[in-house]
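Please read the structure below before turning to the comments.
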Amino acid sequence: MKHLRGITARRILVTGGAGFLGSHLCEQLVADGHEVLCVDNYFSGRRANVTHLLDMPNFELLRHDVTFPLFVEVDEIFNLACPASPVHYQFDPVQTVKTSVHGAINMLGLAKRTRAKVFQASTSEVYGDPVVHPQEESYWGNVNPIGPRACYDEGKRCAETLFFDYHRQHGVRIKVARIFNTYGPRMHPQDGRVVSNFIVQALRGDDITIYGDGSQTRSFCFYADMIRGFRALMATDDDVTGPINLGNPHEFSMRELADLVLDLTGSSSRIVHLPAPQDDPKQRQPDIARAREVLDWAPTVPLREGLVETIRYFDDLLSRTTARADA
Ligand code: NAD
Ligand code: UDP
Ligand code: UDP
């Protein structure tokens, strides 16, 4: 560790650092003066998300797949590598399981050798299609182990198992966050998740695709609140391991989300209904009592406000790509 400008600069590895959440995290850690090593295989992330950091002397970018071992010297690891959108994680399900499971083993092996603290980006998907509502951390979940979502859900569940076994067996310092649906600038325009889909469809005047009748619910957290939560959890004492829910408890139906996006974009897109995907969870809302108590954390950005910023991002991105196509 180095002491720079009054802060203790740490060597921090961010896997999946060129993705949506990873790139925001890298940006903040670099701004705070840490030595950041961003590792990504660009499966669902983009180099463009971090190119603005490449000139910084305390930022390094490495193309690497976390299913292979990685030998570097670090003080902290944020393990975010894994496609998060159902379209992407179901594209190559075997690779998704390998990323979660082999990736966790490699990052835990690295943490064990270097004595680094390691953060795991787990997910509300560990609760599956929940029969307990809202979901608190003590709930064990309702997951189909052989369905199309299992590569992600069970991969992340096994990663949690590995984190707690490395902690108990080898004393590795772990921080497990269960992240609920998070959105914001730098999501991939073809990410396939609902917020980016609806916004891109509305801005292009395409049909808004609601899967099923639109009564299913999700609770959406703005990225800035989420990154603050990651950092608060990483900063806790060693006895705080999680799992800890991070998300915004305000719950919306997909129909309400579509109406809000149409309202905010002023789009005249039509809403169409497509078949609901298999095993699509019907409801999801985090109980964040533990995060409030342990981290003194709660989201502050309401959906409407976060959507306005996200719409501005996609509007700008789409007009730049259209301008390029016209040139
Ligand atoms: P994302 O797809 O934008 O980012 C994931 C990044 O991981 C991408 O840059 C991708 O290229 C990289 N990656 C995938 N497989 C890899 C591999 N084998 N080796 C190296 N890099 C690899 O998604 P995101 O929303 O930023 O999600 C980040 C993390 O947070 C993921 O682990 C995800 O499961 C978790 N999470 C996100 C949400 C959410 O709503 N955004 C919810 C729950 C959990
Ligand atoms: N590992 C790694 N980087 C390191 C240390 C370990 O990628 O700095 C990998 C290592 O290749 C192994 C995995 O992490 O496959 C788990 O390591 P551990 O020490 O737990 O297991 P072992 O090497 O004893 O099988
Ligand atoms: N969804 C939808 N239209 C879309 C994309 C998704 O209605 O174009 C629905 C999807 O069926 C699910 C919800 O929106 O019920 C959230 O989907 P997403 O893929 O964003 O996240 P997850 O299902 O992993 O929570």
Side-chain angles (χ1 to χ4, degrees), residues 15-25 38-47 49-50 62-74 78-89 92 95-96 98-100 102-114 116 120-126 149 152-153 155-156 159 162 166 169-170 172 177-184 186-188 191-198 200-201 208-212 214-221 223 226 230 246-247 253-255 257-258 273-274 276-277 279-284:
T15 77
F20 157 51
L21 290 174
S23 61
H24 288 292
L25 178 63
C38 169
V39 158
D40 208 296
N41 69 350
Y42 309 121
F43 178 74
S44 54
R46 289 177 300 166
R47 220 170 161 274
N49 284 338
V50 288
L62 177 68
R63 180 193 287 264
H64 173 80
D65 182 327
V66 294
T67 62
F68 296 101
L70 177 67
F71 285 82
V72 289
E73 305 310 312
V74 289
F78 283 91
N79 187 34
L80 271 59
C82 186
S85 160
V87 181
H88 292 284
Y89 70 64
D92 186 349
Q95 172 67 10
T96 299
K98 286 182 183 170
T99 293
S100 274
H102 293 183
I105 292 173
N106 287 328
M107 289 309 113
L108 287 160
L110 173 60
K112 185 179 120 192
R113 182 180 62 76
T114 58
Q120 169 65 0
S122 191
T123 170
S124 52
E125 288 285 323
V126 301
R149 296 176 84 95
Y152 185 75
D153 300 11
K156 290 281 189 181
L162 285 160
Y166 267 80
Q169 198 174 329
H170 297 302
V172 172
R178 290 185 178 155
I179 304 164
F180 285 65
N181 298 64
T182 306
Y183 68 98
R186 296 207 195 123
M187 292 183 90
H188 197 291
D191 180 272
R193 281 177 278 184
V194 70
V195 174
S196 46
N197 267 13
F198 284 3
V200 170
Q201 289 163 344
I208 305 269
T209 54
I210 292 185
Y211 302 159
S215 63
Q216 72 271 38
T217 66
R218 294 293 186 273
S219 307
F220 297 103
C221 186
Y223 84 92
M226 185 56 63
F230 286 9
L246 294 178
S253 70
M254 294 313 103
R255 179 77 212 198
L257 178 69
H273 290 267
L274 298 179
D279 297 340
D280 195 18
K282 284 176 274 309
Q283 54 180 2
R284 193 182 282 156

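Position 1 is the first residue of the sequence; numbering continues from there. For ligands, and for the atoms within them, numbers begin at 1 and follow the listed sequence.
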Show the short N or O contacts, below 3.5 Å, that ligand 1 makes with protein N or O atoms; if there are none, say 'none'.
| from | atom 1 | to | atom 2 | distance (Å) |
| --- | --- | --- | --- | --- |
| ligand 1 | 2 (O) | Ser44 | OG | 2.6 |
| ligand 1 | 3 (O) | Phe20 | N | 2.9 |
| ligand 1 | 7 (O) | Cys82 | N | 3.3 |
| ligand 1 | 9 (O) | Gly19 | N | 3.1 |
| ligand 1 | 9 (O) | Asp40 | OD1 | 3.2 |
| ligand 1 | 9 (O) | Asp40 | OD2 | 2.6 |
| ligand 1 | 9 (O) | Gly45 | N | 3.2 |
| ligand 1 | 11 (O) | Asp40 | OD1 | 2.6 |
| ligand 1 | 11 (O) | Phe43 | N | 2.9 |
| ligand 1 | 11 (O) | Ser44 | N | 3.0 |
| ligand 1 | 11 (O) | Gly45 | N | 3.0 |
| ligand 1 | 13 (N) | Asn41 | OD1 | 3.3 |
| ligand 1 | 18 (N) | Asp65 | OD1 | 2.9 |
| ligand 1 | 18 (N) | Thr99 | OG1 | 3.1 |
| ligand 1 | 19 (N) | Val66 | N | 3.0 |
| ligand 1 | 21 (N) | Asn41 | N | 3.3 |
| ligand 1 | 21 (N) | Asn41 | OD1 | 3.3 |
| ligand 1 | 25 (O) | Arg193 | NH1 | 3.0 |
| ligand 1 | 25 (O) | Arg193 | NH2 | 3.1 |
| ligand 1 | 26 (O) | Phe20 | N | 3.4 |
| ligand 1 | 26 (O) | Leu21 | N | 2.8 |
| ligand 1 | 32 (O) | Leu80 | O | 2.8 |
| ligand 1 | 32 (O) | Lys156 | NZ | 2.8 |
| ligand 1 | 34 (O) | Tyr152 | OH | 2.6 |
| ligand 1 | 34 (O) | Lys156 | NZ | 2.9 |
| ligand 1 | 40 (O) | Thr182 | N | 2.8 |
| ligand 1 | 40 (O) | Thr182 | O | 3.4 |
| ligand 1 | 41 (N) | Arg193 | NH1 | 2.9 |

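Val66 is not listed as a side-chain neighbour of Asn106, based on a closest heavy-atom distance of 4.5 Å or more. Lys156 is not listed as a side-chain neighbour of Glu125, based on a closest heavy-atom distance of 4.5 Å or more.
Residue Arg113 has at least one heavy-atom neighbour below 4.0 Å for each of these atoms of ligand 2: 4 (C), 5 (C), 8 (O). Here is the list of ligand 3 atoms found below 4.0 Å of a heavy atom in Arg149: 22 (P), 23 (O), 24 (O). Taking a cut-off of under 4.0 Å to the non-hydrogen atoms of Ile210, the atoms of ligand 3 that pass are 7 (O). Interface of Ile105 with ligand 2, defined as ligand atoms under 4.0 Å from a residue heavy atom, comprises 13 (C), 14 (O), 16 (C). Those atoms of ligand 3 with a heavy atom of Pro277 less than 4.0 angstrom away are 11 (O). Numbered from 1 in the order shown, with element, the atoms of ligand 3 that lie under 4.0 Å from a heavy atom of Arg193 read 19 (O), 20 (O). Within the listing of ligand 3, atoms 24 (O) sit less than 4.0 angstrom from a heavy atom of Glu125. Annotation for ligand 3: atoms under 4.0 Å from non-hydrogen atoms of Arg284 are 22 (P), 25 (O).
In the candidate list Ala111, Ala116, Gly109, Pro69, Pro69 is nearest to atom 11 (O) of ligand 2, counting heavy atoms. For atom 13 (C) of ligand 2, the nearest non-hydrogen atom from the set Val72, Leu70, Asn106 belongs to Asn106.
The shortest contact between atom 20 (O) of ligand 3 and any protein heavy atom is with Val194 N, 2.8 Å. Among protein heavy atoms, the minimum distance from atom 10 (C) of ligand 3 is reached at Asp280 OD2, 3.6 Å. Of the protein's non-hydrogen atoms, the one nearest atom 16 (C) of ligand 3 is Arg218 NE, 3.6 Å. Shortest contact from atom 3 (N) of ligand 3 to any protein heavy atom: Thr209 O, 2.6 Å. Of all protein heavy atoms, the one lying nearest to atom 21 (O) of ligand 3 is Asn181 ND2, 3.5 Å. From the protein, the heavy atom lying nearest to atom 4 (C) of ligand 2 is Phe71 CE2, 3.3 Å. If you check which protein heavy atom lies closest to atom 9 (C) of ligand 3, you get Gln216 NE2, 3.9 Å. Among protein heavy atoms, the minimum distance from atom 7 (O) of ligand 3 is reached at Tyr211 N, 2.8 Å. The nearest protein atom to atom 8 (O) of ligand 3, hydrogens excluded, is given as Asn197 ND2, 2.8 Å; this is a heavy-atom distance.
Nearest heavy-atom pair, Arg46 versus Arg186, reported as atom, atom and distance to 0.1 Å: NH2-O, 4.0 Å. Across all their heavy atoms, Ala159 and Ala104 have their closest contact at CB-CB, 4.0 Å. The nearest pair of heavy atoms linking Phe68 to His64 is O-NE2, 3.1 Å. Residues Ser44 and Pro83 share a closest heavy-atom pair of OG-CA, 3.7 Å.
Using a non-hydrogen distance threshold of 4.0 Å, Phe68 does not register as a contact of ligand 2. The shell of residues lying under 4.0 angstrom from ligand 3, judged by heavy atoms, excludes Ser85.
Formation of a donor-acceptor pair under 3.5 Å by the Lys282 side chain with backbone atoms of Ser215 is not found in this model. Using modelled atom types, one side-chain atom of Ser219 and one backbone atom of Arg284 make a donor-acceptor pair closer than 3.5 Å. Side chain of Arg218 to main chain of Pro281: a donor-acceptor pair is present (N/O by atom type, distance under 3.5 Å, no hydrogens or angles). The main-chain N or O of Ala18 is never found under 3.5 Å from a side-chain atom of Ser23 such that the two would form a donor-acceptor pair. In this structure, Thr182 contributes its side chain and Phe180 its backbone to a donor-acceptor pair below 3.5 Å.
Between Tyr183 and Phe220, the ring planes lie perpendicular to each other; the angle is over 60°, past the 30° to 60° tilted range. A perpendicular orientation is assigned to the rings of Phe20 and His24, their planes being inclined by more than 60° (bins at 30° and 60°).
Protein heavy atoms come within 4.0 Å of atom 18 (P) of ligand 2. Distance screen at 4.0 Å: atom 25 (O) of ligand 2 has no protein heavy-atom neighbour inside the cut-off.
Applying the side-chain contact (heavy atoms from CB on, under 4.5 Å) test to Asp279 and every residue at least two apart in sequence or in another chain returns Asn144, Pro148, Arg149.
Of all the heavy atoms of His170, none lies under 4.0 Å from any atom of ligand 2, so neither backbone nor side chain is involved.
The OG1 atom of Thr67 sits 5.0 Å away from the CD atom of Gln95 when rounded to the nearest 0.5 Å.
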- Message: Walk me through whether Met254 and Tyr211 qualify under side chain to side chain contact (heavy atoms under 4.5 Å, CB included).
- Response: CA-CA 9 Å; Met254 294 313 103; Tyr211 302 159; over 6 Å; no
